[in-house]
Amino acid sequence: MFHSLGKYILLLRLSFRKPEKFSVYWAEVMREMVSVGVGSLGIISIISVFIGAATTIQVAFQLSSPLVPRSIAGSIARDSTILEFSPTISSLVLAGRVGSSMASQIGTMRVTEQIDALEIMGVNAPGYLISPKIIAGVTMFPILVIASIALGIFGGWLACVLSGDVSPADYLSGVHEGFEGLTIRVAIVKAIVFGFIITSICAYQGFYTNGGALEVGQSATKGVVYSCVMVLFADLVITRIML
């Protein structure tokens, strides 16, 4: 474990060493940001709307007592979406989509000796291949989480309109009542940390791939599994510290 941790830290150190030519790295960062952000927006939108709708319906079902105001469904759905569902569920989905792609891409370059060719030419391979991915993850994950929060709340409102379990007016009243900016800050911090964890771990697994096509698939699987576990652990730590 300590051996792998040391290799991981040394790889991050090499990844963020001062680049030789900023323009090349800048182009890679922009390309990765488009891939991570725009490429993931569709799946995040679909998941967020359905999770927001399902959460609102379940909360309305559990709070069926006439003594409980119906607007509380909006408050609970809002806080659940902001604090947990949008940052954590979205990151787990992105680990499968973005993380596996990064690990398999870098792993394929390793087994086909493209990384060796970069190093022979004097290019800092970790900096060229990994740092743009980490920067893109740290930058785009918060944007995707904010979009997920908005779409999750919209999905809850849509569920109220279609199901009638809670009136849309009561739902919107609950969404507005008692809102605290701390919840948004916690969600943004989670998104930044999760973006770093997923991109760095999956890139590490891909960079140290040995063998052939079978090992590339195994590296992608390990990257997704390890990053999901670390995301859940970081979720617990951040929630305990900030709330």
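These values consider heavy atoms only, across backbone and side chains, with no hydrogens, waters or symmetry-generated copies. Numbers for residues simply follow the sequence, beginning at 1.
Atoms CZ and CZ, on R13 and R17 in that order, are 9.0 Å from each other to the nearest 0.5 Å.
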Which is it for E215 and N210 under the side-chain contact (heavy atoms from CB on, under 4.5 Å) test, yes or no, and what are the steps along the way? CA-CA 7 Å; E215 284 74 17; N210 292 313; 5.7 Å; no
Test side-chain contact (heavy atoms from CB on, under 4.5 Å) on I146 and I184; report intermediate values, then the result. CA-CA 9 Å; I146 291 173; I184 294 293; 6.0 Å; no
Verdict with reasoning, S80 to T55, per side-chain hydrogen bond (donor to acceptor under 3.5 Å, both in side chains): CA-CA 8 Å; S80 299; T55 302; over 6 Å; no
What verdict does the side-chain hydrogen bond (donor to acceptor under 3.5 Å, both in side chains) test give for T209 and S219, after you've listed the backbone C-alpha separation in whole Å, the side-chain angles of each residue and the deciding distance to 0.1 Å? CA-CA 6 Å; T209 300; S219 295; 2.9 Å; yes
Please lay out, stage by stage, how V36 and M102 fare under the test side-chain contact (heavy atoms from CB on, under 4.5 Å). CA-CA 10 Å; V36 172; M102 290 182 177; 3.8 Å; yes
Working note: Y8 + S200, criterion side-chain contact (heavy atoms from CB on, under 4.5 Å); need CA distance, chi angles, decisive distance, verdict. CA-CA 8 Å; Y8 173 74; S200 61; 2.6 Å; yes
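R70 places a side-chain N or O within 3.5 Å of a backbone atom of D165 that can act as its donor or acceptor partner. Using modelled atom types, no side-chain atom of T81 and backbone atom of I149 make a donor-acceptor pair closer than 3.5 Å. Here the side chain of E32 pairs no donor or acceptor atom with the backbone of V29 at under 3.5 angstrom. Listed for the S227 side chain is a donor-acceptor partner under 3.5 Å among the backbone atoms of V224. With K7 contributing its side chain and H3 its backbone, the two residues share no donor-acceptor pair below 3.5 Å. A donor-acceptor pair is defined here as one N or O able to donate and one able to accept, closer than 3.5 Å; no such pair exists between the side chain of S86 and the backbone of I82. Side-chain N or O atoms of T239 include one that pairs as donor or acceptor with a backbone N or O of D235 at under 3.5 Å.
Minimum heavy-atom separation, L144 to S40: CD1-CB, 4.0 Å. Listed here is the closest heavy atom pair of G211 and V111: O-CG1, 3.4 Å. Among all heavy-atom pairs drawn from Q205 and Y226, the shortest one is NE2-CD1, 3.4 Å. Taking each heavy atom of I46 and F50 in turn, the nearest pair found is O-CD1, 3.0 Å. Across Y171 and T56, no two heavy atoms sit closer than the pair CE1-OG1, 3.7 Å.
Of the charged side-chain nitrogens involved, at least one lies within less than 4.0 Å of a carboxylate oxygen, so that K190 and E84 count as a salt-bridged pair.
Within 6.0 Å of atom OH in Y25, more than 12 heavy atoms from other residues, nucleotides or ligands are found, so the atom counts as buried in its surroundings.
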